[in-house]
Amino acid sequence: IDKGENARLSSFVGAIAIADLVKTTLGPKGLDKILQKVDPHDQSISVTNDGATILRSVHVDNAAAKVLVDIARVEDDEVGDGTTSVAVLCGELLRE
């Protein structure tokens, strides 16, 4: 596999990881996530199963993962719901 293909695949892996992160919170039996701030002066902990809150809290370096988070954020801004569904759908499309 050439370098370009490796770069493309590693970019996809980051976005798929973000989708997998929120996938488990979806539905009536969705699992909660424990979020802890990384600021040395604020080590507060919160528990949530809201995809928008999780995506807002996660620091992302991967370009494709940032796009996925931005898509979910726009969904939240425009519709007010569906961030988890959008992230999971995008992740599954990338997986194909």
Side-chain angles (χ1 to χ4, degrees):
I1 300 176
D2 65 343
K3 290 181 183 179
E5 183 71 12
N6 282 338
R8 187 177 69 84
L9 289 176
S10 67
S11 182
F12 285 175
V13 166
I16 291 169
I18 293 293
D20 287 345
L21 175 69
V22 295
K23 182 191 294 188
T24 57
T25 67
L26 195 60
K29 295 190 184 229
L31 302 174
D32 291 344
K33 301 290 182 195
I34 299 172
L35 305 173
Q36 181 177 11
K37 295 194 184 221
V38 293
D39 183 16
H41 303 292
D42 182 14
Q43 295 288 316
S44 63
I45 295 174
S46 61
V47 178
T48 184
N49 68 354
D50 178 40
T53 304
I54 294 167
L55 292 175
R56 209 175 311 118
S57 302
V58 174
H59 176 70
V60 180
D61 285 333
N62 184 292
K66 282 183 183 180
V67 170
L68 190 135
V69 170
D70 287 342
I71 290 170
R73 187 172 295 136
V74 168
E75 178 74 12
D76 190 39
D77 292 344
E78 294 294 321
V79 180
D81 196 17
T83 54
T84 304
S85 301
V86 165
V88 170
L89 178 64
C90 290
E92 292 303 315
L93 288 173
L94 287 173
R95 203 181 304 272
E96 292 297 318

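Small disclaimer: the values here were computed from a predicted structure and weren't measured.
Under the side-chain contact (heavy atoms from CB on, under 4.5 Å) rule, Leu55 has a single partner from Ile71, Val86, Val69, which is Val69.
Of all non-hydrogen atoms in Ala52 and Asp76, the two that sit nearest each other are CB-OD2, 4.0 Å. In this structure, Gly91 and Leu68 approach most closely via the heavy-atom pair N-CD1, 4.1 Å. Closest approach of Asn62 to Gly14, counting heavy atoms only: ND2-CA, 3.6 Å.
In the hydrophobic clustering of ILVMFWY residues, with side-chain heavy atoms under 4.5 Å counting as a link, Val60 and Leu21 come out together.
Remark: the backbone N or O of Asn6 is paired with a side-chain donor or acceptor of Ser10 at under 3.5 angstrom.
The distance from the OG1 atom of Thr25 to the CD1 atom of Ile54 is 5.0 Å, given to the nearest 0.5 Å. Remark: Ile16 CD1 to Leu93 CG distance equals 10.0 Å, nearest 0.5 Å.
The side chain to side chain donor-acceptor pair (under 3.5 Å) analysis of residues 82-96, with sequence neighbours excluded, yields the pairs Asp20-Arg95, Lys23-Glu92, Glu92-Arg95. Residue pairs meeting the salt bridge (Lys or Arg N to Asp or Glu O under 4.0 Å) criterion with at least one partner in residues 58-72, sequence neighbours excluded, are Asp70-Arg73.
Open room surrounds CG on Asp81; 12 or fewer heavy atoms of other groups in view lie less than 6.0 Å from it.
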Considering only distance and modelled atom types, tabulate donor-acceptor pairs under 3.5 Å from the side chains of residues 33-49, sequence neighbours left out.
unit_1, atom_1, unit_2, atom_2, d
Lys33, NZ, Thr24, OG1, 2.7
Gln36, NE2, Gln43, OE1, 3.0
Asp39, OD1, His41, N, 3.4
Asp42, OD1, Ser44, N, 3.3
Asp42, OD1, Ser44, OG, 3.2
Gln43, NE2, Asp39, O, 2.8
Thr48, OG1, Asp50, N, 3.0

